[in-house]
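No hydrogens, no waters, no symmetry mates; every other heavy atom, side chains included, goes into these values. Residue numbers run from 1 in the order of the sequence given.
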Amino acid sequence: MEPISKKYTDLIMKMLESSRAQLKVSNDNVYQPSNKTILGYIDKMIEENLLPGSEIRDFQNIEKLYEFTKAGKACLVLPEHYSNFDLPVFHYLLRKQGNACAQFADKLIAIAGYKLNETNPVVAAFSEAYSRIVIYPSRSLEIIKEKFNDPKELVKELMKSREINHAAMKVLNEMKYQGHPILVFPAGTRYRPWDPSTKKGVREIDSYIRSFDYMVLVSINGNMLQINPEGEMHEDLIGPEKIIYKVSEPIACHEFREHIKDELHFRDDKKQAVVDAIMERLDEMHEAVEKSLA
């Protein structure tokens, strides 16, 4: 495997030329629609590295969820998260599946952390290929509390985070009832084997589940773009890989939350318990696929 910025320098230069990314996120630009020109360049990278046997198992469950979406229901996609190519490869395979899955991909909007916009123009260009609503994640809020020594700067940054998230939730509440399924990674960050905390679901995901009608869980086996522990995002390592996504049956969000909470009468943090249950189910799905490949 080699750094993606090295292997695909020419394609990345073309992406940057086509980029219209607004690197600074504000409450006026939290919704950022897909740049289809850049999408084509990323597809070329995926095609060169996606090995035979890659697939979306039980893609019919995406079609079922899409029917709910078209009927005006708010629908959520909750995948595992190992790589910045988790969404691109999923999106690519959905489009290759055709018909309802391709339409679903075209309507799909991802929730993305502002860091993808503001870290680096290359990272921003990759993110720009997919429609997204940009938020200030809770993990980032914890970091800034440690980062700023000047109380005035901290207050300024906290105000910015609140403005962005308020605007993002307003857009989200509009889009989710206009035929757009919403994708959010419940771990909130990519899994790093050397940091077990990155496998834990983010408590705020319960708020998403509470405000949606139906959801599907998506496990991911295989990773063509691995985190480079010694580099930045644009230096992640790319190489050939077979990738399998498995999609659960659509789950009624309200019933799921009530079921989990009914089982946990004596647990203080029931919101975290709901998210923990999501992560446990994703682990079970992942392990089942892993055993099928053995």
Side-chain angles (χ1 to χ4, degrees), residues 5 12-43 69 74-79 81 84-88 90-91 104-145 147-148 152-186 188-190 202 204-205 207-208 211-212 232-234:
S5 56
I12 290 173
M13 291 304 297
K14 291 179 180 177
M15 289 168 58
L16 290 172
E17 290 171 3
S18 302
S19 176
R20 56 172 185 260
Q22 301 175 65
L23 296 181
K24 290 296 180 183
V25 179
S26 70
N27 57 329
D28 295 323
N29 64 3
V30 291
Y31 174 62
Q32 302 187 7
S34 167
N35 184 331
K36 295 296 196 303
T37 301
I38 291 179
L39 183 64
Y41 295 131
I42 297 176
D43 281 352
T69 303
C75 294
L76 193 59
V77 180
L78 298 176
H81 199 12
N84 279 335
F85 262 27
D86 289 337
L87 170 57
F90 185 54
H91 200 278
F104 185 93
D106 188 59
K107 292 285 189 178
L108 187 65
I109 298 175
I111 301 297
Y114 82 101
K115 186 178 178 182
L116 294 176
N117 270 68
E118 299 192 354
T119 298
N120 180 285
V122 174
V123 175
F126 273 97
S127 302
E128 188 182 349
Y130 307 92
S131 296
R132 63 212 184 282
I133 296 172
V134 182
I135 65 166
Y136 209 116
S138 58
R139 288 182 186 271
S140 297
L141 288 173
E142 292 304 316
I143 292 171
I144 66 171
K145 289 176 183 177
K147 177 181 176 183
F148 289 96
K152 291 183 179 179
E153 288 299 314
L154 174 58
V155 169
K156 183 178 178 181
E157 194 69 13
L158 287 172
M159 288 180 64
K160 172 187 173 182
S161 72
R162 288 170 186 155
E163 288 177 0
I164 289 173
N165 286 343
H166 178 75
M169 292 305 103
K170 182 178 179 181
V171 173
L172 172 65
N173 287 330
E174 294 171 357
M175 293 292 193
K176 70 183 182 183
Y177 291 118
Q178 295 177 4
H180 292 282
I182 305 297
L183 183 147
V184 58
F185 293 107
T189 189
R190 296 169 295 167
V202 179
E204 286 75 16
I205 296 300
S207 299
Y208 285 92
S211 66
F212 279 73
E232 300 296 328
M233 284 186 184
H234 63 283

Check: Asn84 and Phe126 side chains under 4.5 Å, non-hydrogen atoms
no
Is there a side-chain contact between Ser19 and Asn35 in this structure, where contact means two heavy atoms from C-beta onward sitting under 4.5 Å apart?
no
Donor-acceptor pair between Lys170 and Asn173 side chains, under 3.5 angstrom
no
Can you tell me how far apart OG (Ser18) and CG (Leu39) are? Round to the nearest 0.5 Å.
12.0 Å
Taking Ser5 for the side chain and His234 for the main chain, is one N or O donor matched with an acceptor at less than 3.5 Å?
yes
To the nearest 0.5 Å, how far apart are CZ in Phe212 and CD1 in Ile182?
5.0 Å
To check you understand the geometry: which heavy-atom pair defines the closest contact between Ile42 and Tyr130, and what is its length?
CG2-OH, 3.5 Å
Flag side-chain contact, heavy atom, 4.5 Å: Leu183 against Phe90:
yes
N/O donor-acceptor pair under 3.5 Å between Thr69 side chain and Gly179 backbone
no
Carefully, step by step, assess Met169 and Ile135 under the rule side chain to side chain contact (heavy atoms under 4.5 Å, CB included).
CA-CA 9 Å; Met169 292 305 103; Ile135 65 166; 4.1 Å; yes
Working to the nearest 0.5 angstrom, can you tell me the gap between Ile111 CD1 and Glu204 CD?
13.0 Å
Here the pair of heavy atoms bringing Pro33 nearest to Arg132 is O-NH1, 4.4 Å
Distance (rounded to the nearest 0.5 Å) between Glu232 CD and Asn120 CG
8.0 Å
How many angstroms lie between atom CD1 of Ile133 and atom CG of Asn29, to the nearest 0.5 angstrom?
12.5 Å
Looking only at heavy atoms, what is the nearest atom pair of Pro79 and Pro186, with distance?
O-CD, 3.1 Å
Hey, is the main chain of Ala105 close enough, under 3.5 Å, to the side chain of His91 for a donor-acceptor pair?
yes
On a heavy-atom basis, which atom in Ala129 and which in Ile38 lie closest, and how many Å separate them?
CB-CG2, 3.8 Å
Taking the six-membered ring of Tyr136 (Phe, Tyr or Trp), confirm whether the NZ or CZ of Lys160 is under 6.0 Å from its centre and within 45° of its axis.
no
Lys/Arg-Asp/Glu bridge criterion (N-O < 4.0 Å) met for Lys36, Asp106:
yes
Any chance you could measure Ile109, atom CD1, to Leu172, atom CG, to the nearest 0.5 Å?
8.5 Å
Closest non-hydrogen atom pair, Lys107 against His180
O-ND1, 2.8 Å
Are side-chain heavy atoms of Ile12 and Tyr41 found at a separation under 4.5 Å?
no
Would you check if the side chain of Gln32 reaches a backbone N or O of Glu128 as a donor-acceptor pair within less than 3.5 Å?
no
Examine distances only and state if a side-chain atom of Ser161 and a backbone atom of Leu158 form a donor-acceptor pair shorter than 3.5 Å.
yes
